[in-house]
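All of these numbers come straight from a predicted model, not from anything done at the bench. Numbered from 1 within each chain, the chains take letters A, B, ... in sequence-line order.
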Number of protein chains: 2
Amino acid sequence: MNAMDEPTKKRRSGRQSCADQGEVACIDCNLFGFLQLFASLTPEMLTHFLTTHMPLAKGEVVYRAGQPFEGIYAVKSGGLKSIVMQEPYGEQVASFHLPGELMGVEDLQSATYSFTIIALEESKVCFMPLKQGGLQREPLPSSREQMVKILLEHLRQCQRQGLILGMRTAEERLGAFFLNLAERYARHGFPMHEFRVPMMQNDIANHLGLAMETVSRTLKHFRELEMLTIRGKRGRILNPGCMQSITQYCFLKKGTDEQE
Amino acid sequence: MNAMDEPTKKRRSGRQSCADQGEVACIDCNLFGFLQLFASLTPEMLTHFLTTHMPLAKGEVVYRAGQPFEGIYAVKSGGLKSIVMQEPYGEQVASFHLPGELMGVEDLQSATYSFTIIALEESKVCFMPLKQGGLQREPLPSSREQMVKILLEHLRQCQRQGLILGMRTAEERLGAFFLNLAERYARHGFPMHEFRVPMMQNDIANHLGLAMETVSRTLKHFRELEMLTIRGKRGRILNPGCMQSITQYCFLKKGTDEQE
DNA sequence: CGGGGACTTGAACGAGCTCAACTCTAGTGG
DNA sequence: CCACTAGAGTTGAGCTCGTTCAAGTCCCCG
């Protein structure tokens, strides 16, 4: 099973390899912090939500835009995408969801979901049911900050994405996209310079407003520069400095300078 | 002043024209809802924050990225932009801020501001000081939802912007940008099809990842199609249907289907 | 009324798109 | 375990859209 791994590379102790399915430990999952918001949850319920992982096949739909809002999902393993359908023109990929991240947060106060979410590969997700119209379960007064924190984190990630999409050249956009991807994996305990790429180039191209061929050619260029390699679902950053200078990607807040 | 009457009185002052300076009524300003979060505010303080508008000249800086976070701003009139500096390459325009909108929300829990904010023209802003490290003033328990609502609104606007930036052609991006602009003015009581354009084409181009010349040429094309005209700081949507079909801009949530 | 910044327009170039053929890979069934 | 296949990715050639550079016009503001 490890025959595919580089012979020189040893498994980092504790850390997870990008070669395995990429499952987050429940303690590293955002749903954990989210569930703690609700005073009405018994420890048993907490455990239940965290340990019940509904499995999804590749291409399976979690929910569709327009369906009534029923709750928040968290990614346990695999990867998913949020899309909007532009009627005759096909879909637009709004964002990707990695292990440990929440899905549906933007619809918390809405009657319906805004996006359609589709599994990019075999995945496991957890579900936290919430009655239509927001937080019926009373959040703990002491964890008000936690709720705000979750929304702020989403807002900042969204803004980061906006900066990436506002870049001019394909190289900048793609480089910044993969830096962001690696950063997001690292945040949930995966090694920083070796990460999974659950989405196919088609989805990346769609998301960044590029043609798939351009993605392929640019990645080839990155490989020639010995900056970044993508082989199958495995990505590796070879030269972070080069990466950042090419992409001009500024990390903004890493979440490290926040107050608790 | 008008802000002092019962807050419950939901009175939209007569619709405003885009020809005037474009000042929001205090009742329509997001800072009004924001201020209500704080139990410690006396009615006098509330009035103070709402009626003290600090004037800004064109090009003036509200705050710079990296400066310590001190509070939230609201736009009373005019327009502003959030930028990040890419050291040798100049600035990138992250977003624009219109009358009635809040600035600095993304840094609520941070030690420092993430963006630099600059006035696009003569503007007035209001300021709500908040001690570093988040909400020191205790939000009212009953208005917890209000805080969440504000953050959700920002998150959704940010996602909408992401969809716009992910579009492929200059026509789609520009069309969607102006639709969004008009929509945001309309949300604060301005007429829908006639709106101000406080930013210059240079900033629009920068924000959308286009060249200024492309913006100019595309707008000319829109004018020829009798779809949209921009004359100076005045914009007018002539053919909304055409607009939407060209841009494929989906409005997502207008905030009308939310529950209270 | 003059000056300068914002905008427009033109011409040439090039990054990225499209179309099409091809290769590689992973998943399937024998 | 291997052959087969469909889908994902690669590569090439030509073209288009958007960029760049440069000159010119408009308009706002002093």
(message) Return a single string for nucleotides 25-30 of chain D, one symbol per nucleotide in 5' to 3' order, where B is base contact, S is sugar-phosphate-only contact and - is none, cutoff 4.0 angstrom on heavy atoms.
(response) ------
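- Listed by first and then second residue, the ring pair (Phe, Tyr, Trp, His ring centres under 6.0 Å) pairs that reach into residues 220-245 of chain B come to none, sequence neighbours excluded.
- Going from atom CZ of B:Arg196 over to atom CG of B:Leu98 covers 10.0 Å, rounded to the nearest 0.5 Å.
- If you measure from atom CZ of A:Arg217 to atom C1' of C:dT23, you get 15 Å, rounded to the nearest angstrom.
- Here C:dG27 presents its C1' atom at 15 Å from CE of A:Met200, a figure rounded to the nearest Å.
- Annotation: of the two residues near DNA chain C, A:Arg168 and B:Leu219, the 5′-most nearest-nucleotide partner is B:Leu219.
- Contact check, B:Arg223 against C:dT8: a side-chain N or O comes under 4.0 Å of OP1 or OP2.
- Between A:Glu121 atom CD and C:dT25 atom C1' the separation is 16 Å, expressed in whole Å.
- Paired with B:Val93 under the rule side-chain contact (heavy atoms from CB on, under 4.5 Å), one option of B:Val84, B:Ile118, B:Asn202, B:Asn206 passes, and it is B:Asn206.
- A donor and an acceptor atom, one from each side chain of A:Gln159 and A:Arg156, are nowhere located under 3.5 Å apart.
- Ring-plane geometry between A:Tyr113 and A:Tyr73 is classed as tilted, the angle between the planes lying from 30 to 60 degrees on a 0 to 90 degree scale.
- Taking 3.5 Å as the limit, the base of D:dC17 and the side chain of B:Glu171 contain no donor-acceptor pair of atoms between them.
- Nucleotide D:dG9 holds its C1' atom 19 Å from the NE2 atom of A:His221, rounded to whole Å.
- Summarising the local packing, CD of B:Glu226 is surrounded by 12 or fewer heavy atoms from other residues, nucleotides or ligands at distances under 6.0 Å.
- B:Asp203 places its CG atom 15 Å from the P atom of C:dG5, with the value rounded to the nearest Å.
- Atom NZ in A:Lys58 sits about 10 Å away from atom P in C:dT28, given to the nearest Å.
- The separation between B:Met212 atom CE and C:dA6 atom P is 9 Å, rounded to whole Å.
- One atom, CD of B:Glu213, and another, P of C:dC7, lie 12 Å apart when rounded to the nearest Å.
- OP1 or OP2 of C:dT8 sits under 4.0 Å from a side-chain N or O of B:Ser216.
- Closest-nucleotide positions on DNA chain D for B:Leu210 and A:Ile230 were compared, and the one nearer the 5' end corresponds to A:Ile230.
- Using a 4.0 Å cut-off between a side-chain N of Lys or Arg and a carboxylate O of Asp or Glu, A:Arg217 and A:Glu213 do not qualify as a salt bridge.
- Applying the 4.0 Å criterion to OP1 and OP2 of D:dT10, one finds that A:Lys220 has every side-chain N and O outside that range.
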